[in-house]
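Below, chains carry the letters A, B, ... as their sequence lines are ordered, and counting in each starts from 1.
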Amino acid sequence: MQLSELEIIRREKLEQIRNLGINPYPADLFPVDTLTSEIKQNFEEGKKVVIAGRLMRKKIQGKASFGELQDSEGRIQVYFNRDEICEGEDKTLYNDVFKKLLDLGDFIGIEGTLFETQVGEKTVLVKDFKLLSKALRPLPLPKTDAEGNTHDEFNDPELRYRQRYVDLVVNPKVKEVFKKRTKLYNAMRTFFNERDYFEVETPILQPIAGGAAARPFITHHNSLDIPLYMRIANELYLKRLIVGGFDGVYEFSKNFRNEGMDRTHNPEFTAMEIYVSYKDYNWMMDFCEKLLEFCAIQVNGTSKTTFGEHEIDFKAPYARVTMADSIKHFTGFDITGKSEDELRAAAKDMGIAVDATMGKGKLIDEIFGEKCEGNYIQPTFITDYPKEMSPLCKEHRDNPELTERFELMVCGKEIANAYSELNDPIDQRERFEAQLKLAEKGDDEATAFIDHDFLRALEYGMPPTSGMGIGMDRLIMYLTNNPSIQEVLFFPQMRPEKKAVALNDEEKAVLAILKANSPLELNALKEQSGLSNKKWDKTIKGLTKHGVAKVEKTDDGLFVKTA
RNA sequence: GACCAGUUAGCUCAGUUGGUAGAGCACCUCCCUUUUAAGGAGGUGGUCCUGGGUUCGAGCCCCAGACUGGUCACCA
């Protein structure tokens with residue numbers, strides 16, 4: 001590995017620290033008793049504190065210095081005075097360890113007392129400090145000026161996502177996003193647990209990837225010698241638990257879909273799914289709007305949130321519009337009672353690309369997606385979806401062409417999807433068979449396998465149940481005003497960083513000679529390689545460049561050795 | 001998948017018609033005992049994303065590729 005000048009300097013300092021008898025990575029606990037936030041909130045002149053964190057600023061002014069210590073809560077100014085730290089004659093701890101050997105980013109522990117400087121900055125007067133962990137790589141160091149402008153911000157998205165640990169250290173706003181994410185989870189758990197709904201865990205490795213239509217990741221179990229799929233949804237398992245007698249179950253489900261990536265799609269993402277027995281989708285709408293109002297307030301302190309140019313209010317209740325009314329409102333076309341051909345002609349008139357394979361449901365869905373969906377900025381329930389789009393949803397009590405389904409639209413995108421769950425096992429089997437036929441015809445949105453065990457469960461009887469799924473990543477994007485899913489995932493999926501260093505044939509051959517006999521005199525190696533002058537030159541340069549071989553000059557001549 | 005943009009020091013970025021690669025911060029040396037994005041003086045640091053090509057000469061022009069971001073398409 002090629003080290004930069006800065007990294008070499010830090011490694012040399014590490015050696016010097018060891019030479020002073022200081023362990024740069026001590027094992028023993030450090031008795032932290034205060035966080036920087038507590039110091040700021042309950043400031044008390046002269047109070048003794050023990051704090052720890054990264055040294056993030058170091059301004060040496062001769063025999064005294066200011067610094068900044070960053071812990072999990074933020075930063076506090078620290079003041080290093082030579083004679084406070086070194087009471088005797090030996091000033092090594094200040095002059096050498098602090099001034100020369102400590103770098104920005106190093107973890108240190110500090111014992112000190114609180115005071116305010118002449119300009120009124122709350123500060124820890126350092127009485128003693130201890131190196132807790134040496135940082136060998138330099139951190140980027142954004143700075144904020146008096147007007148709040150950030151200079152040299154660490155803002156390259158590629159570096160930020162690939163090295164999220166660095167992003168979190170130097171960009172405090174990033175940490176806030178993830179704190180809110182966890183607050184959202186906690187708020188939901190509180191809301192559900194208060195109602196005695198039961199948090200469960202269901203299989204991620206599934207023999208049939210059911211519950212949604214998406215391409216799964218496939219893997220293989222060696223001792224069973226069967227394929228297994230990473231779940232694309234957990235719906236069918238939660239319903240089995242309702243069959244088993246739980247009144248309400250929920251799960252935060254990491255789902256995996258082997259599809260394209262963009263700023264709203266990551267191959268793994270989180271859905272919250274909840275199923276409650278003896279309820280229907282009307283009840284679930286009431287539940288959903290109360291839940292989201294509660295969550296927004298828990299996360300942001302208010303039901304209002306800003307997303308891009310929009311201000312959204314999650315305060316309940318939300319408007320409820322049937323899909324037919326929505327289409328009538330935005331296109332003037334009434335879909336009720338229309339035949340497939342009439343729908344296709346209408347869609348075509350609206351400029352929507354249609355083809356002969358599209359059924360009624362698909363046509364309606366296209367019209368809605370094209371002409372209506374994007375208009376719903378404030379939270380709005382769209383209800384009563386066409387039957388063929390919803391194979392797990394109960395038929396509408398008033399209209400056999402529709403289902404008892406709603407989606408919650410916010411900023412033109414779906415964030416929740418809910419049904420009165422289909423619990424008629426015969427109907428369910430027929431819907432699965434219909435899906436199977438669609439899949440055989442080549443519709444890749446249709447589910448190609450029938451989960452017979454799920455049908456068996458339904459045959460034992462599932463109570464009337466309403467279920468809902470919420471896209472957690474999308475919801476937290478709204479609540480933190482982030483237009484990209486990568487900003488709300490700690491470690492978004494990225495392409496592999498680098499291809500492995502590829503050596504060419506000459507380089508491989510020379511390396512093989514060298515490995516058998518290292519170090520080797522340079523000219524001897526050259527002769528053994530049998531390469532022409534030019535080839536040799538290129539090859540040895542390539543090897544040193546890749547850091548696999550090293551040329552050293554001694555009094556006896558030039559020697560090559562493996563790195 | 002298509003199109004557009006980007007990739008230069010640890011970080012953020014300049015880089016003129018193709019002619020010895022720059023700044024700020026960071027880093028190193030020296031001075032400085034209540035400063036605060038930035039005290040003073042001096043200095044070090046480069047795979048200009050990779051590989052080809054054009055050229056006397058390429059960070060810059062041409063071709064191919066990698067990665068990233070954006071828009072669109074596809075996909076819940």
Asks: Rounded to whole angstrom, note down the C1' distance from B:A58 over to B:C49.
Replies: 16 Å

Asks: Any salt bridge between A:K362 and A:E366, counting N to O under 4.0 Å?
Replies: yes

Asks: Would one find a side-chain N or O of A:K58 under 4.0 angstrom from OP1 or OP2 of B:C27?
Replies: no

Asks: What distance, rounded to whole Å, do you find between the two C1' atoms, one in B:G46 and one in B:U20?
Replies: 14 Å

Asks: Between A:M261 (CE) and B:A73 (C1'), how many Å, whole number?
Replies: 17 Å

Asks: Does B:U29 have a Watson-Crick or wobble mate here (both distances under 3.5 Å), and if so which one?
Replies: B:A41

Asks: Got a salt bridge between A:K394 and A:E404, using NZ or NE/NH1/NH2 to carboxylate O under 4.0 Å?
Replies: no

Asks: Which sits closer to the 5' end of RNA chain B, A:L125 or A:D145, going by the nucleotide each is nearest to?
Replies: A:L125

Asks: Using both distances under 3.5 Å as the test, list the Watson-Crick or G-U wobble partner of B:A64, or none.
Replies: B:U50

Asks: Quick one: do the A:R405 and A:N417 side chains pair a donor with an acceptor below 3.5 Å?
Replies: yes

Asks: The side chain of A:L104 is closest to which nucleotide in this list: B:U33, B:U35, B:C27?
Replies: B:C27

Asks: If we call it a pair only when both distances are under 3.5 Å in a Watson-Crick or G-U wobble match, what pairs with B:G59?
Replies: none

Asks: Hey, are A:Q77 and A:R57 close enough side-chain-wise for a donor-acceptor pair under 3.5 Å?
Replies: yes

Asks: Mind jotting down which residue pairs meet the side chain to side chain donor-acceptor pair (under 3.5 Å) criterion with at least one end in residues 468-483 of chain A? Sequence neighbours excluded, please.
Replies: A:R181-A:D473, A:T480-A:N482

Asks: What integer number of Å spans the P atoms of B:A5 and B:C75?
Replies: 28 Å

Asks: Which sits closer to the 5' end of RNA chain B, A:A64 or A:D103, going by the nucleotide each is nearest to?
Replies: A:D103

Asks: Check A:R54, A:K13, A:K134, A:R137 against A:D106 for a salt bridge (charged side-chain N to carboxylate O under 4.0 Å, His left out) and give me the one that passes.
Replies: A:K134

Asks: Looking across every strand, which nucleic acid part, if any, lies under 4.0 Å from A:V170 by heavy atom: base, sugar-phosphate, or nothing?
Replies: nothing

Asks: Could you give the CD-to-C1' distance, from A:E121 to B:U36, as a whole number of Å?
Replies: 7 Å

Asks: Which base, if any, makes a Watson-Crick or G-U wobble pair with B:U34, both distances under 3.5 Å?
Replies: none

Asks: What's the gap between B:G39 and B:G19 when it is taken at their P atoms, as a whole Å value?
Replies: 36 Å

Asks: Given that both distances must come in under 3.5 Å, which nucleotide forms a Watson-Crick or G-U wobble pair with B:G1?
Replies: B:C72

Asks: Base, sugar-phosphate alone, or nothing: which one does A:K99 contact when heavy atoms must sit under 4.0 Å apart?
Replies: nothing

Asks: Determine the contact category for A:E12: base if any of its heavy atoms lies under 4.0 Å from a base atom, sugar-phosphate if only primed atoms, P, OP1 or OP2 are that close, otherwise nothing.
Replies: nothing

Asks: Identify the nucleotide, in any strand shown, that forms a Watson-Crick or G-U wobble pair with B:U17, with both distances under 3.5 Å; if there is none, say none.
Replies: none

Asks: Which nucleotide wins on minimum distance to the side chain of A:R57, given the candidates B:C75, B:U35, B:U33?
Replies: B:U35

Asks: Let's see if you can work this out: which of B:C28, B:U36, B:U34 has an atom nearest to the side-chain heavy atoms of A:K13?
Replies: B:C28

Asks: Is the backbone N or O of A:E121 less than 3.5 Å from a side-chain atom of A:T117, with the two atoms forming a donor-acceptor pair by type?
Replies: yes

Asks: Checking A:S37 side chain against A:L35 main chain: does a donor-acceptor pair fall under 3.5 Å?
Replies: no

Asks: Mind checking if A:K100 touches a base, just sugar-phosphate, or nothing, with heavy atoms under 4.0 Å?
Replies: sugar-phosphate

Asks: When the distance from CG of A:L3 to P of B:G45 is rounded to whole Å, what number comes out?
Replies: 16 Å

Asks: Starting from P on B:A37, measure out to CZ on A:R75 and report it in whole angstrom.
Replies: 13 Å

Asks: Quick one: is A:K143 getting a side-chain N or O under 4.0 Å of the B:A26 phosphate, OP1 or OP2?
Replies: yes

Asks: With a 4.0 Å cutoff (strictly under), does any side-chain N or O of A:R495 reach OP1 or OP2 of B:U68?
Replies: yes

Asks: Hey, does the side chain of A:K63 come within less than 4.0 Å of B:U34's phosphate (OP1/OP2), counting only N and O?
Replies: no

Asks: Distance between the C1' atoms of B:G45 and B:G10, in whole angstroms?
Replies: 10 Å

Asks: Picking from B:U34, B:C75, B:C27, which would you name as closest to the side chain of A:I9?
Replies: B:C27

Asks: Which part of the nucleic acid does A:E68 contact within heavy-atom distance under 4.0 Å: base, sugar-phosphate only, or nothing?
Replies: nothing

Asks: Return yes if some donor-acceptor pair links the side-chain N/O of A:E421 with the main-chain N/O of A:G467 below 3.5 Å, else return no.
Replies: yes

Asks: Going by distance alone, is a donor N or O of one side chain under 3.5 Å from an acceptor N or O of the other, for A:S484 and A:E487?
Replies: no

Asks: Measure CZ/A:R162 against P/B:A66 and give the value in whole Å, please.
Replies: 14 Å

Asks: Rounded to whole angstrom units, what separation is found between the CD atom of A:Q77 and the P atom of B:U34?
Replies: 12 Å

Asks: Could you check whether A:E259 gets within reach of a base, just the sugar-phosphate, or nothing at all, counting any heavy atom under 4.0 Å?
Replies: sugar-phosphate

Asks: Between B:A66 and B:C31, how far apart are the two C1' atoms, rounded to whole Å?
Replies: 49 Å

Asks: Taking the C1' atom in each of B:C25 and B:U44, what is the distance between them to the nearest angstrom?
Replies: 15 Å

Asks: Rounded to whole angstrom, note down the C1' distance from B:G43 over to B:A23.
Replies: 16 Å

Asks: Going 5' to 3' along nucleotides 8-14 of chain B, which nucleotides have protein heavy atoms under 4.0 Å from the base (write B), which only from the sugar-phosphate (write S), and which from neither (write -)?
Replies: --BSSS-

Asks: Between B:U71 atom P and A:D262 atom CG, what is the distance in whole Å?
Replies: 9 Å

Asks: What is the distance, to the nearest angstrom, from the CD atom on A:Q61 to the C1' atom on B:A38?
Replies: 13 Å

Asks: Do you know which of A:R75, A:K58, A:K143 makes salt bridge (charged side-chain N to carboxylate O under 4.0 Å, His left out) with A:E68?
Replies: A:R75

Asks: Taking 4.0 Å as the cut-off, does a side-chain nitrogen or oxygen of A:Q486 come that near to OP1 or OP2 on B:G69?
Replies: yes

Asks: Which part of the nucleic acid does A:Y161 contact within heavy-atom distance under 4.0 Å: base, sugar-phosphate only, or nothing?
Replies: sugar-phosphate

